[in-house]
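If you scroll down you'll find the structure; I have some questions about it.
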2 protein chains.
Amino acid sequence: MRLVVARCAARYTGRLTAELPLATRLVVVKADGSVLLHSDGGSYKPLNWMSPPCSLAVAEPDDDAAARGVVEIWHVQHAKSDDRLEIELHEVLHDSAHELGVDPGLVKDGVEAHLQKLLAEQIHLLGAGHVLVRREYPTAIGPVDILAKDPAGGAVAVEIKRRGDIDGVEQLTRYLELLNRDPHLTPVRGVFAAQEIKPQARVLAHDRGITCLVLDYEAMRGMDDASTRLF
Amino acid sequence: MRLVVARCAARYTGRLTAELPLATRLVVVKADGSVLLHSDGGSYKPLNWMSPPCSLAVAEPDDDAAARGVVEIWHVQHAKSDDRLEIELHEVLHDSAHELGVDPGLVKDGVEAHLQKLLAEQIHLLGAGHVLVRREYPTAIGPVDILAKDPAGGAVAVEIKRRGDIDGVEQLTRYLELLNRDPHLTPVRGVFAAQEIKPQARVLAHDRGITCLVLDYEAMRGMDDASTRLF
DNA sequence: TGATTAATCTCGATT
DNA sequence: AATCGAGGTTAATCA
């Protein structure tokens with residue numbers, strides 16, 4: 001990886017044409033030849049970039065460009081399309097190269113999946129006497145996280161989220177609508193379970209007759225550890 | 001902007017939880033405190049990041065962390081949510097800071113401008129035998145996008161929009177009113193050209209005797225590429 | 001200003 | 001390989 005801080009201007013042509021006026025920016029050249037142009041603000045999206053696979057060719061400026069103060073011109077050409085990025089370097093303030101090696105990559109911890117597993121094992125958290133029917137109970141619009149039965153034999157559909165937001169309630173509502181069309185299941189009660197439930201979601205859920213259940217992830221994991229330790 | 005190349009591990013908690021195992025990466029700290037963790041591959045999206053507004057606090061490792069080889073711990077906390085990014089630095093290979101200043105930002109060449117250029121080059125899209133008179137044909141209330149002549153020698157005024165809405169038709173109507181006062185031009189026919197024309201605009205245009213022309217940007221760009229490749 | 005939509009989207013999963 | 005859908009999306013546009 002090569003890091004260059006420089007006063008530069010750039011032009012991109014491809015899906016669209018765009019220009020970057022002269023300013024001081026960070027230019028990152030990754031091992032695969034891809035290039036990122038970052039300013040000192042904004043979010044993670046670069047001002048301009050070239051995705052791999054691409055090639056980088058460094059050229060001397062012609063007389064005209066040199067007269068404008070250009071020191072070097074970088075031509076970054078995409079390998080599979082005619083997308084190109086042209087960077088005019090006017091003043092290089094920093095230039096360093098680093099060996100980074102291959103990255104093991106991001107490991108996403110499926111807290112939501114874990115919560116589902118734990119709640120299935122600790123189904124009594126829905127209330128005493130509840131019984132698990134199954135996880136990932138299939139419907140036409142996708143599986144419901146958990147289907148259970150309450151002590152009276154009534155069906156209970158559970159939607160699990162890490163953060164309980166309005167769209168989670170909407171999702172559960174759609175499932176309930178479908179499940180209630182099944183004469184063997186109806187009436188189906190809804191439970192919206194999450195580590196944290198937003199006030200708006202709570203109001204909407206209440207309005208639709210859906211029960212809210214706040215899950216204590218740490219406590220549930222503790223229970224899980226305790227039970228596995230017993231056997 | 002601060003650039004750090006380091007062997008590091010990271011953990012994010014927020015909408016989801018995710019971990020980055022120990023590896024050598026680029027850490028970018030922008031002026032607004034936002035942080036990017038980049039590997040030496042992939043596209044412009046960082047492996048992990050924190051968007052502004054956020055704050056960065058550097059802490060000494062506790063004994064346990066120090067025993068694992070941690071030199072420094074960075075706590076990056078989002079200002080408006082409980083999103084947090086924790087970076088454990090194990091070995092700092094590079095560390096430099098740079099003053100970048102404010103960036104003027106990306107200037108996208110408007111699709112509308114590009115459409116005008118393309119339609120001027122592919123003026124036959126108005127119908128066989130049409131000839132370009134000029135782009136940006138001046139009138140008292142501003143320039144008409146394109147003035148052309150049809151095979152019979154009649155003047156054609158074209159208004160180009162990305163999204164054809166009612167006010168675009170109104171605008172073209174005003175131009176036509178003015179142009180038709182010129183005895184050398186009148187009668188001037190109107191063409192309302194856009195990538196997409198709203199039904200209301202289409203009805204109004206038809207009512208005023210204005211022709212609607214839907215432009216296929218991709219196809220027109222393809223034509224442009226083909227023609228430039230020939231010469 | 002909040003909602004909606006497009007993006008040089010990216011990224012993973014599934015067909 | 002191609003397509004589909006979600007994203008800690010981001011960014012622009014519209015009401």
Side-chain angles (χ1 to χ4, degrees), chain A residues 10-20 30 32 34-39 41-54 76-87 103 105-113 141-142 161-163 165-168 171 195-196 200, chain B residues 10-20 30 32 34-39 41-54 76-86 103 105-112 114 161-168 194-196 198 200-201 217-218 221 225:
Chain A
R11 179 165 46 250
Y12 164 79
T13 57
R15 303 282 185 92
L16 58 81
T17 58
E19 277 186 271
L20 278 173
K30 292 193 175 187
D32 53 14
S34 61
V35 176
L36 315 180
L37 278 169
H38 269 283
S39 67
S43 66
Y44 67 68
K45 194 177 178 183
L47 292 165
N48 220 324
W49 73 93
M50 183 62 72
S51 310
C54 63
V76 189
Q77 174 73 55
H78 196 266
K80 294 187 174 177
S81 72
D82 53 2
D83 288 27
R84 54 171 26 194
L85 177 62
E86 208 176 275
I87 307 171
D103 200 284
L106 191 68
V107 181
K108 287 188 182 175
D109 184 9
V111 172
E112 192 179 314
I141 57 168
K161 292 286 177 198
R162 215 176 77 73
R163 285 189 184 178
D165 222 326
I166 280 185
D167 42 345
Q171 193 179 340
Q195 267 190 285
E196 176 201 345
Q200 296 175 1
Chain B
R11 179 164 47 250
Y12 165 79
T13 58
R15 298 280 186 93
L16 58 81
T17 58
E19 278 184 318
L20 277 173
K30 292 194 176 187
D32 53 13
S34 61
V35 176
L36 315 181
L37 278 169
H38 268 283
S39 67
S43 189
Y44 66 69
K45 193 177 179 182
L47 293 166
N48 223 324
W49 73 94
M50 184 61 73
S51 313
C54 63
V76 190
Q77 173 74 55
H78 195 266
K80 295 188 175 178
S81 71
D82 53 0
D83 289 27
R84 60 181 349 194
L85 177 62
E86 207 177 277
D103 201 285
L106 190 69
V107 181
K108 287 188 181 175
D109 190 13
V111 172
E112 192 178 316
H114 200 191
K161 290 286 176 199
R162 212 164 71 77
R163 289 186 185 175
D165 223 327
I166 280 185
D167 43 347
Q195 267 190 286
E196 176 202 345
K198 297 274 171 71
Q200 296 173 0
Y217 186 46
E218 292 306 316
R221 279 194 352 135
D225 288 350

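Each chain gets a letter, A, B and so on, in the order its sequence line appears, and its residues count up from 1. Below, all heavy atoms of this structure are taken into account, side chains as well, without hydrogens, waters or symmetry copies.
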By the 4.0 Å heavy-atom rule, please label M50(B) as base, sugar-phosphate, or nothing. base

M50(B) side, atom CE; L36(B) side, atom CG - distance, nearest 0.5 Å: 11.5 Å

Can you measure from NZ (K30(A)) to OH (Y44(B)) and round to the nearest 0.5 angstrom? 11.5 Å

Nearest-0.5 Å distance that lies between atom CD in E196(A) and atom CG in D82(B):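 Going from CD on E196(A) over to CG on D82(B), the span is 6.0 Å.
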
D167(B) CG to dT13(D) P: how many Å, rounded?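 After rounding, the gap between these two atoms is 15 Å.
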
Under the side chain to side chain donor-acceptor pair (under 3.5 Å) test, residues paired with Q200(B) that sit two or more places apart: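 So Q200(B) forms no side chain to side chain donor-acceptor pair (under 3.5 Å) with any residue.
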
Could you measure the distance from the OH atom of Y12(A) to the NZ atom of K108(B)? Nearest 0.5 Å is fine.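 The OH atom of Y12(A) sits 10.0 Å away from the NZ atom of K108(B).
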
Mind calculating the distance between CD (Q200(B)) and P (dA15(D)) to the nearest angstrom? 10 Å

Name all residues meeting the salt bridge (charged side-chain N to carboxylate O under 4.0 Å, His left out) criterion together with D83(A); count only those two or more places apart in sequence or in a different chain, and write none if there are none.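 Salt bridge (charged side-chain N to carboxylate O under 4.0 Å, His left out) check on D83(A) returns nothing, list empty.
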
State which residues pass side chain to side chain donor-acceptor pair (under 3.5 Å) with E86(B); sequence neighbours excluded, sorted by chain then number.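 For E86(B) the side chain to side chain donor-acceptor pair (under 3.5 Å) partners, ignoring immediate neighbours, are R11(B).
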
Helical stems, DNA chain C - three or more consecutive Watson-Crick or G-U wobble pairs below 3.5 Å: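 Expected stems, ordered by start: C:1-7 with D:9-15, C:9-15 with D:1-7.
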
Mind checking side chain to side chain donor-acceptor pair (under 3.5 Å) for S34(A) and listing every partner two or more places apart, or none if nothing turns up?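 With neighbours one apart ignored, the set is D32(A).
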
Please list, pair by pair, any protein nitrogen or oxygen found under 3.5 Å from a nitrogen or oxygen in nucleotides 9-12 of chain D.
from	atom 1	to	atom 2	distance (Å)
dT9(D)	OP1	R15(B)	NH1	3.0
dT9(D)	OP1	R15(B)	NH2	2.9
dT9(D)	OP2	R15(B)	NH1	2.2
dT10(D)	OP1	S51(B)	OG	3.0
dT10(D)	O3'	S43(A)	OG	2.9
dA11(D)	OP1	S43(A)	OG	3.4
dA11(D)	OP2	S43(A)	OG	3.2

